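Notes to accompany the following structure.
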Amino acid sequence: PNTFVACWDKWYQQNKEPFIADSTREDFQILRKKLAPLFELNIKKISKDVLLNYLAGVKNNRTKDKLVTQLKSFFKYAVLERLIDYNPFNTLIYKAQKYQAKPAFTYEQQQKILENLKGKEFEPIILFFFVTGIRKNEIDFKSIEKCIDLETNILTIRNLKGRDRQERFKRIKLTE
């Protein structure tokens with residue numbers, strides 16, 4: 001079970017699959033196929049050089065960026081689970097494409113917002129957005145009870161946005 005593929009599958013099943021949209025599952029299936037050259041390698045034998053050689057063979061830049069993002073997360077998990085002693089991505093410098101993402105609020109900004117909302121009617125709603133990471137257009141608070149499975153504590157958010165405008169869902173595991 002120390003092969004890359006066994007560790008990757010365990011990481012995916014525990015840390016990604018329960019919490020991602022169906023379209024993201026499809027992305028992970030594509031990424032998994034792209035990772036086939038690493039499958040049989042012992043995870044402890046995967047070095048910075050092995051990763052650089054592998055990434056050099058990946059042609060599509062967007063796919064390569066997705067691979068790098070998920071491999072970073074995977075190797076961080078592998079270190080935490082003591083499957084490997086060090087993260088090979090810690091010393092790897094990879095120039096990814098730059099995307100204009102809106103920056104998230106810092107922890108300090110969130111604290112300031114919550115302090116100013118203390119006791120106001122919108123405080124629980126804003127706190128809910130901070131904790132779940134969903135956008136205001138992704139949930140109808142009038143029917144939120146229908147979105148929470150009380151047996152599993154999973155909040156299901158319906159989303160019609162996306163490149164194909166198909167109905168998508170986000171599933172967020174809530175704490176007790």
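Numbers here simply count residues along the sequence, with the first being 1. As the structure is a prediction and not an experimental result, all values here were calculated from the model.
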If you count every heavy atom of other residues, nucleotides or ligands that lies below 6.0 Å from Lys76 atom NZ, does the total exceed 12? no
Same apolar cluster: Ile84 and Leu52, side chain cutoff 4.5 Å: yes
Parallel, tilted or perpendicular, as decided by the 30° and 60° cut-offs, for the rings of Tyr77 and Trp11: tilted
Leu35 and Tyr54, any side-chain heavy atoms less than 4.5 Å apart: yes
Are the charged groups of Lys44 and Asp85 less than 4.0 angstrom apart, N to O? no
Closest non-hydrogen atom pair between Glu17 and Arg25, with its separation: O-NH2, 2.6 Å
Leu67/Val58 under side-chain contact (heavy atoms from CB on, under 4.5 Å): CA gap, chis, key distance, verdict: CA-CA 9 Å; Leu67 280 167; Val58 179; 3.9 Å; yes
On a heavy-atom basis, the closest approach of Leu117 and Glu123 is O-CB, 3.5 Å
Do Leu38 and Trp8 have side chains that get closer than 4.5 Å, going by heavy atoms? no
Say you draw a straight line from NZ of Lys64 to NZ of Lys59; how long is it, rounded to the nearest 0.5 Å? 10.5 Å
Does one hydrophobic cluster hold both Phe39 and Phe28, with members joined at side-chain heavy-atom distances below 4.5 Å? yes
In terms of hydrophobic clusters joined by side-chain contacts under 4.5 Å, are Leu150 and Phe19 together? no
Can you list the steps and then say if Phe128 with Ile134 is a side-chain contact (heavy atoms from CB on, under 4.5 Å)? CA-CA 8 Å; Phe128 180 81; Ile134 64 170; 3.5 Å; yes
Do the rings of Phe4 and Phe74 sit parallel, tilted or perpendicular, given the 30° and 60° boundaries? perpendicular
Roughly how far, to the nearest 0.5 Å, is the CG atom of Leu31 from the OG1 atom of Thr69? 9.5 Å
Looking only at heavy atoms, what is the nearest atom pair of Ser47 and Pro88, with distance? C-CB, 3.9 Å
Distance, nearest 0.5 Å, that separates SG of Cys7 from CG of Leu41: 11.5 Å
Would you indicate whether the side-chain heavy atoms of Asp65 and Arg62 approach each other to under 4.5 Å? yes
First locate atom CG of Leu114, then atom CG of Leu127, and finally report the distance between them rounded to the nearest 0.5 Å. 5.5 Å
Donor-acceptor under 3.5 Å (Gln109 side chain, Thr106 main chain): yes
Passes side-chain contact (heavy atoms from CB on, under 4.5 Å), Ile148 versus Leu174? Steps please. CA-CA 9 Å; Ile148 300 174; Leu174 303 174; 4.2 Å; yes
How about Asp9 and Arg32: do any of their side-chain heavy atoms sit closer than 4.5 Å? yes
Enter the distance from Cys147:SG to Ile154:CD1 here, rounded to the nearest 0.5 Å. 13.0 Å
Below 4.5 Å, heavy atoms only, C-beta onward: do Ile43 and Thr3 meet side chain to side chain? no
If hydrophobic clusters are built by linking Ile, Leu, Val, Met, Phe, Trp and Tyr wherever their side-chain heavy atoms come under 4.5 Å apart, do Phe122 and Val131 end up in the same one? yes
What is the distance from atom OG of Ser73 to atom CG of Asn87, rounded to the nearest 0.5 Å? 10.0 Å
Any Ile20 side-chain heavy atom under 4.5 Å of Tyr12 side chain: yes
Go through the steps to decide whether Val79 and Tyr86 satisfy the test side-chain contact (heavy atoms from CB on, under 4.5 Å), and finish with yes or no. CA-CA 6 Å; Val79 169; Tyr86 74 99; 5.6 Å; no
